[in-house]
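Report on the following structure.
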Amino acid sequence: MYFPAYRPRRLRKNSIVRELVAETKLSVDDFIYPMFVMPGKNKRVQVNSMPGIYKQTIDNLIKEIREVKKLGIKAILLFGIPSHKDELGSEGYDKDGIIQRAVREIKKKNKDVIVITDVCMCEYTSHGHCGIIKDGDVDNDETLAHLAHMSLTHAEAGADIVAPSDMMDGRVGVIREELDENGFENVAIMSYSAKYASAFYGPFREAAESPPQFGDRRTYQMDPPNVREAIREIELDIQEGADIVMVKPALPYLDVLRAAREEFDHPVAAYQVSGEYSMVKAAGKLGWIDEELVMMETLVSIKRAGADLILTYFAKDAAKILNR
Ligand code: PBG
């Protein structure tokens, strides 16, 4: 049936009809809110390039988690800023490291919050790379044992899900094995499967104090032109035992997200990263775009492309709108 018999505008005539026929709906249930925790007491520092996002000590983090829960957000992703960094990133797998302490404290009073921990060495290494350096590059196989050990300490502290973001080959398999051997077969793995070497991580690296001190991450993170390779990466992670697979960043990689959704049955997560957040915030502040509308449009686009879960610094702002 064609015009004039068929008129698509009939179903756009008001917001009630539009909602009736909406193909995609955002839900607070799908949001994961990333948070940064640092050592000390009663400190809270706003990340310069990320208005509304803070690095904070455990006490303040727990206060914010209360607010997060009230908004209906059920999951957080934790990043740690250690008190000292070294070549091996040893605070990353210290039982009393910042993340391990934070998870224990959170879980004491917040059993209902799903705590996801970032498993990666770059926040903990003095050189800022995501693994052990050998001959000027990150050594894949040396790094694996460290990641497995780090994951175990997160599980022991009470993490529900560990999220390896390092992009080493084979890490999901060794992490699964380590968790299972130690009785943590119910701790899930959300793998950053298709994580691109992206300039959109800039603000995060300021927040986590983790820029690489030499070179870049292109020998381990994915090359932006590739999408078939993303499918291979995701397939490997699923074979190795990933429960949730992720595409990151989100908005510039919606085609990758769509391809992943079509190819696999596993839950697919999308990470709307720091740079995506900062751009919207900055343009909004300048009055160049309507921040709220653009934020909601980016989120619904990510969902429409195929994301089941959305990691976003906008989680609280978007939840406030969805709860209205
Ligand atoms: C750690 C890690 C990064 C991000 C998440 N985990 C930074 C990086 O790989 O350089 C980026 C998150 C963001 O930009 O919001 N490897």
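Along the sequence shown, the residues carry numbers beginning at 1. Computation of the quantities below employed the complete heavy-atom set of this structure, encompassing side-chain atoms and omitting hydrogens, waters and symmetry-equivalent molecules. Indexing begins at 1, ligand by ligand and atom by atom, following the structure's order.
- The shortest N or O to N or O distance between Arg217 and ligand 1 is below 3.5 Å.
- Close approach to Tyr313 involves these atoms of ligand 1, each under 4.0 Å from a residue heavy atom: 12 (C), 13 (C), 15 (O).
- In the hydrophobic cluster analysis, where Ile, Leu, Val, Met, Phe, Trp and Tyr join through side-chain heavy atoms closer than 4.5 angstrom, Tyr54 is grouped apart from Val280.
- If you number the atoms of ligand 1 from 1 as listed, the ones under 4.0 Å from a heavy atom of Ser165 come out as 1 (C), 2 (C), 6 (N), 16 (N).
- Leu236 and Val247 fall into different hydrophobic clusters, where Ile, Leu, Val, Met, Phe, Trp and Tyr side chains are chained together by heavy-atom contacts under 4.5 Å.
- Per-residue contacts place Cys122 under 4.0 angstrom from the following atoms of ligand 1 (heavy atoms of the residue considered): 1 (C), 16 (N).
- Judged by the 6.0 Å distance and 45° axis criteria, Lys195 is positioned over the aromatic ring of Tyr201.
- Residues passing the salt bridge (Lys or Arg N to Asp or Glu O under 4.0 Å) test with Asp243 are Arg176, sequence neighbours excluded.
- Heavy-atom contacts of Asp118 reach the following atoms of ligand 1: 6 (N) (cutoff under 4.0 Å).
- Nearest protein heavy-atom contact of atom 16 (N) of ligand 1 is Lys195 NZ, 3.0 Å.
- When only non-hydrogen protein atoms are considered, atom 14 (O) of ligand 1 lies nearest to Ser274 OG, 2.7 Å.
- Ring pair Tyr253/Tyr271: centre-to-centre distance not below 6.0 Å.
- Each of the following atoms of ligand 1 lies closer than 4.0 Å to a heavy atom of Tyr271: 12 (C), 15 (O).
- A donor-acceptor contact under 3.5 angstrom links the side chains of Glu91 and Ser83, judged on distance only.
- By the 4.0 Å heavy-atom criterion, Glu276 is excluded from the residues contacting ligand 1.
- If you check the side chains of Thr298 and Glu276, you find no donor sitting under 3.5 Å from an acceptor.
- Not a single heavy atom of Tyr277 lies less than 4.0 angstrom from ligand 1.
- Ligand-side atoms of ligand 1 in range of Lys248: 2 (C), 3 (C), 4 (C), 5 (C), 6 (N), 11 (C), 12 (C), range being under 4.0 angstrom from any heavy atom.
- Every atom of ligand 1 with a heavy atom of Val273 under 4.0 Å away is listed here by number and element: 13 (C), 14 (O), 15 (O).
- In Leu20, the CG atom is crowded: over 12 heavy atoms of neighbouring residues, nucleotides or ligands sit closer than 6.0 Å.
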